[in-house]
Novice: 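One structure, as structure tokens, below. Some questions next.
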Amino acid sequence: MTTPFPFTAVVGQDDLRLALLLNAVSPAVGGVLVRGEKGTAKSTAVRALSALLPAVPVVAGCRFSCDPASPDPACPDGPHEIGNGVARPSRMVELPVGASEDRLVGALDIERALAEGVKAFEPGLLADAHRGILYVDEVNLLHDHLVDLLLDAAAMGASYVEREGVSVRHASKFLLVGTMNPEEGELRPQLLDRFGLTVEVAASREPDQRVEVVRRRLAYDDDPAGFAARWADEESAVRQRVVAARELLPSVRLGDGALRQIAATCAAFEVDGMRADIVMARTATALAAWAGRTEVLAEDVRQAALLALPHRRRRNPFDAPGLDEDKLDQTLEEFSGEGEGDGDEDPDPDGPGGGGGQPTPDDGSQGDSGGGARPEAGEDGEPQAGGAGGGEQSAVRASEPFRTKVLSVPGLGDGAAGRRSRARTEHGRTTGARRPRGALTKLHLAATVQAAAPHQRARGRSGPGLVLRRDDLRQATREGREGNLVLFVVDASGSMAARQRMGAVKGAVLSLLLDAYQRRDKVGLVTFRGTAGEVALPPTSSVDAAAARLETLPTGGRTPLAAGLLKAHEVLRVERLRDPARRALVVVVTDGRATGGPEPVALSQRAARLFAADGVASVVVDCESGPVRLGLAGQLAGELGGTAVTLDELRADSIAGLVKDVQRRVA
């Protein structure tokens with residue numbers, strides 16, 4: 001068995017270690033979400049936590065870890081008698097991102113259930129994690145149907161496995177810990193809210209601390225057992241402190257003054273619902289117990305806010321998590337001294353955890369180019385491009401986003417689960433039946449009975465029961481929705497550079513990015529201006545990253561439309577090799593003009609026909625404005641084999657209708 005890296009040997013990351021320890025003291029806090037860049041000891045710290053947790057008493061032989069003092073009356077391995085059990089180490093169960101539904105919730109033998117009436121059940125990871133830790137690395141990449149199952153189990157404290165009326169239920173209460181890199185995409189709000197605390201982690205920029213990280217890691221890799229032995233005393237001390245804090249926890253008093261501070265803080269930061277208030281109260285109580293106190297102080301409330309609120313105050317995926325600490329201190333000061341004096345202490349910004357994992361504020365400001373002379377216009381009315389960056393203007397802010405129409409890929413796909421285009425999936429409405437390939441997961445009962453019925457006399461059926469064989473079983477085929485690769489190809493040339501016009505264009509792309517976030521798509525961004533096309537963002541699940549690149553996008557120069565289309569075609573070719581099941585939707589945002597180089601219009605037409613030949617679904621967002629319009633974007637859409645919509649038609653509330661399906665041109 002591999003020796004884990006000691007928890008106390010992790011260098012720095014005070015906020016991360018504090019959040020994990022608070023959940024060890026009080027599992028009711030609700031788990032931890034650890035956000036941060038790769039290589040910051042996120043997984044190392046989480047995996048080391050289980051060694052600090054006390055042993056768990058369980059009923060001997062129970063696969064569902066029932067508590068011998070109060071066994072679950074509905075346990076599939078029960079009923080159990082109340083009495084002495086056996087102690088086992090606290091368990092940490094890791095949920096792989098690519099796990100199947102049966103691996104998570106368990107599998108029921110459908111053939112035995114129908115033919116013999118026996119509930120033969122093989123427990124899954126939710127059963128293994130009961131009364132322990134359920135750890136999901138890269139939780140933001142977890143498939144939607146697994147997220148739904150996690151949400152149900154976390155809300156009800158139980159897991160249900162149902163197959164055509166045959167059901168098994170077992171208790172499943174666990175500490176949910178997730179790690180993620182925000183650059184790879186964000187979490188659904190429903191799952192985000194299920195994490196009690198959140199912590200932002202980043203690699204230290206202090207050379208001495210980085211040296212110590214490398215020194216300890218090399219020592220551990222050379223001799224894991226010896227390294228762990230050198231930290232055994234520190235590990236034992238923290239383990240004893242966790243036990244002591246758990247014992248003290250019921251005696252900790254949360255006064256009315258602290259409660260008012262908690263309520264006022266949640267109201268001031270406009271968090272949704274009441275879960276934040278409850279989590280803050282439990283966290284502040286755990287902080288007091290961890291410090292060896294029986295009274296919750298203002299510093300506990302402050303630290304609890306820094307851990308429990310940042311991920312709950314986001315209004316859209318482009319909001320940076322975090323709290324305004326000045327506003328927090330002002331709110332705590334305003335409501336201090338209104339109870340039994342538990343709010344009189346000055347908040348200590350260097351208290352436990354050293355800042356609560358608050359991310360560094362990002363200025364993010366984009367100044368408008370209010371002054372400065374405009375470049376001279378050429379014969380085509382565009383600023384002259386004096387090289388790669390000739391005629392470049394500073395970035396323009398996007399206008400307010402809006403709800404867009406649904407742009408979908410025609411046909412039926414087999415891609416990853418999502419919410420955009422029709423696809424054959426494991427979840428959705430039943431459309432038919434087939435023979436199972438491998439293990440049966442979704443039984444089509446009517447088709448199974450129909451397949452078995454003609455053979456009952458030959459099988460010697462004499463009673464009311466149905467004589468069933470393996471060959472009779474039928475798997476239900478279902479239709480749901482998939483996520484697509486939405487590749488934006490954005491014209492950033494001088495013809496688009498008018499400030500109000502480019503702001504509207506960016507607002508439209510930002511609106512489509514919000515839609516892609518909600519529909520669980522991957523996104524990519526290709527821009528073209530001057531003399532070339534550029535991959536501003538390779539395909540990724542991080543819509544945040546796409547929005548950030550869009551915000552800083554400069555404009556100016558000629559319009560190399562063909563170069564932009566060819567660059568996008570190359571991106572799709574590479575992505576098709578990586579993920580052949582994920583279908584693409586190309587969104588070209590342009591006025592349709594093509595300038596620069598020999599025969600720019602003919603070149604762009606030939607480049608567009610490559611997409612039509614490959615059968616790639618596409619839509620052109622026509623950005624042409626003014627009383628006289630040339631209709632060039634519509635012509636481009638025809639060459640692409642797609643359709644064109646204006647900026648006004650893109651809005652979901654426009655009179656053109658609520659849904660605009662992307663249709664390939666029929667030859």
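Count residues from 1 along the sequence. No experiment lies behind these values; they were computed from the predicted model shown.
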Novice: Return the CG to CG distance between Leu125 and Leu146, rounded to the nearest 0.5 Å.
Specialist: 10.0 Å
Novice: Does the side chain to side chain contact (heavy atoms under 4.5 Å, CB included) test come out yes or no for Arg241 and Leu21, once each step is laid out?
Specialist: CA-CA 10 Å; Arg241 187 176 174 186; Leu21 288 170; over 6 Å; no
Novice: How close do Arg91 and Ser65 get, heavy atom to heavy atom, and via which atoms?
Specialist: NH1-OG, 3.9 Å
Novice: For Asp233, what residues pass the salt bridge (charged side-chain N to carboxylate O under 4.0 Å, His left out) criterion, not counting sequence neighbours?
Specialist: none
Novice: What pairs of residues pass the salt bridge (Lys or Arg N to Asp or Glu O under 4.0 Å) test when at least one of them lies in residues 53-73, not counting sequence neighbours?
Specialist: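 Only Arg63-Asp77, Asp67-Arg131, Asp72-Arg169 qualify under salt bridge (Lys or Arg N to Asp or Glu O under 4.0 Å).
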Novice: Just how far is it from atom CD1 of Ile133 to atom OG of Ser90, taken to the nearest 0.5 Å?
Specialist: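 Ile133 CD1 to Ser90 OG: 5.5 Å, rounded to 0.5 Å.
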Novice: Using the side chain to side chain contact (heavy atoms under 4.5 Å, CB included) criterion, which residues pair with Thr40? Sequence neighbours excluded.
Specialist: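 Per chain and number, Thr40 pairs via side chain to side chain contact (heavy atoms under 4.5 Å, CB included) with Gln13, Glu37, Lys42, Val201, Ala203.
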Novice: Can Asp579 and Lys522 be counted as an ion pair, charged N to O under 4.0 angstrom?
Specialist: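 A salt bridge is absent here (no side-chain N lies under 4.0 Å from a carboxylate O).
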Novice: Going by side chain to side chain contact (heavy atoms under 4.5 Å, CB included), name the residues that satisfy it together with Ala264, two or more places apart in sequence or in a different chain.
Specialist: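 Per chain and number, Ala264 pairs via side chain to side chain contact (heavy atoms under 4.5 Å, CB included) with Thr331, Phe335.
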Novice: Only counting residues at least two apart or in another chain, list the ones meeting ring-ring contact (aromatic ring centres under 6.0 Å, His included) with Phe174.
Specialist: none
Novice: Keeping Arg474 on the side-chain end and Thr448 on the backbone end, is there a donor-acceptor pair under 3.5 Å?
Specialist: no
Novice: Partners of Arg420 by side-chain hydrogen bond (donor to acceptor under 3.5 Å, both in side chains), sequence neighbours excluded?
Specialist: Asp515, Asp521
Novice: Using the rule side chain to side chain donor-acceptor pair (under 3.5 Å), only one of Glu235, Glu234, Arg17 pairs with Thr8; which is it?
Specialist: Glu235
Novice: Considering only residues two or more places apart or on different chains, which pairs with a residue in residues 275-285 satisfy salt bridge (Lys or Arg N to Asp or Glu O under 4.0 Å)?
Specialist: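 Every salt bridge (Lys or Arg N to Asp or Glu O under 4.0 Å) pair that includes a residue of residues 275-285, provided the two are not neighbours, is Asp193-Arg275.
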Novice: Show your working on side chain to side chain contact (heavy atoms under 4.5 Å, CB included) between Leu197 and Val199 and close with a plain yes or no.
Specialist: CA-CA 7 Å; Leu197 310 179; Val199 176; 5.5 Å; no
Novice: Partners of Asp414 by salt bridge (charged side-chain N to carboxylate O under 4.0 Å, His left out), sequence neighbours excluded?
Specialist: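 Result, salt bridge (charged side-chain N to carboxylate O under 4.0 Å, His left out) vs Asp414: Arg424.
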Novice: Nearest 0.5 Å please: distance from the OG atom of Ser541 over to the OH atom of Tyr517.
Specialist: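 Those atoms lie 12.0 Å apart.
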Novice: Could you tell me whether Asp221 atom CG has more than 12 heavy atoms of other residues or ligands within 6.0 Å of it?
Specialist: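 Enclosed.
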Novice: For a quick test of your reading: what N or O donor-acceptor pairs under 3.5 Å do the side chains of residues 44-55 make, sequence neighbours left out?
Specialist:
residue, atom, partner, partner atom, Å
Arg47, NE, Glu94, OE1, 3.4
Arg47, NH2, Glu94, OE1, 3.3
Arg47, NH2, Glu94, OE2, 2.8

Novice: For Leu126 versus Ala153, what's the shortest heavy-atom pair and its separation?
Specialist: CD1-CB, 4.0 Å
Novice: For Val97, which residues count as a side chain to side chain contact (heavy atoms under 4.5 Å, CB included) partner, sequence neighbours excluded?
Specialist: Glu138, Leu141
Novice: Run the salt bridge (charged side-chain N to carboxylate O under 4.0 Å, His left out) test against Arg459 and tell me which residues pass, sequence neighbours left out.
Specialist: Asp472
Novice: Any heavy-atom pair between the side chains of Leu287 and Leu18 that's under 4.5 Å?
Specialist: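 When only atoms from C-beta onward are counted, Leu287 and Leu18 do touch, with a gap below 4.5 Å.
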Novice: Among residues at least two apart in sequence or on other chains, which ones pass side chain to side chain contact (heavy atoms under 4.5 Å, CB included) with Arg481?
Specialist: Arg422
Novice: Looking at CG of Leu150 and OG of Ser159, how far apart are the two atoms once the value is rounded to the nearest 0.5 Å?
Specialist: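 One gets 9.5 Å once the value is rounded to the nearest 0.5 Å.
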Novice: If you look at every heavy atom in Ala289 and Leu248, which pair is closest and at what distance?
Specialist: O-CD2, 3.9 Å
Novice: Can you name the closest pair of heavy atoms from Asn23 and Gly31 and give their distance?
Specialist: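 For Asn23 and Gly31, the tightest heavy-atom pair comes out as OD1-N, 2.7 Å.
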Novice: Please report the shortest heavy-atom distance between Asn140 and Thr179, naming the atom on each side.
Specialist: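 Nearest heavy atoms, Asn140 then Thr179: OD1-O, 4.4 Å.
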Novice: In Å, rounded to the nearest 0.5 Å, how long is the span from CD of Gln475 to NE2 of His444?
Specialist: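 Rounded to the nearest 0.5 Å, the CD-NE2 separation comes out at 10.5 Å.
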Novice: Going from CG on Leu249 to OG1 on Thr285, what distance comes out if it is rounded to the nearest 0.5 angstrom?
Specialist: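 It is 7.0 Å, given to the nearest 0.5 Å.
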Novice: Is the His170 ring parallel, tilted or perpendicular to the Phe64 ring (thresholds 30°, 60°)?
Specialist: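 Rings of His170 and Phe64: tilted, as their planes differ by 30° to 60°.
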Novice: Strictly below 4.0 Å, N to O, side chains only: are Arg260 and Asp256 in salt-bridge contact?
Specialist: no
Novice: Would a 4.5 Å heavy-atom cut-off, applied to side chains only, mark Leu176 and Tyr135 as touching?
Specialist: no
Novice: Does Asp300 use its side chain to pair, donor to acceptor, with the backbone of Leu297 at less than 3.5 Å?
Specialist: yes
Novice: Angle class for the Phe5/Phe227 ring planes (parallel below 30°, perpendicular above 60°, tilted otherwise)?
Specialist: tilted
Novice: For residues Ala228 and Thr3, report the shortest heavy-atom separation together with the two atoms involved.
Specialist: CB-CG2, 3.7 Å
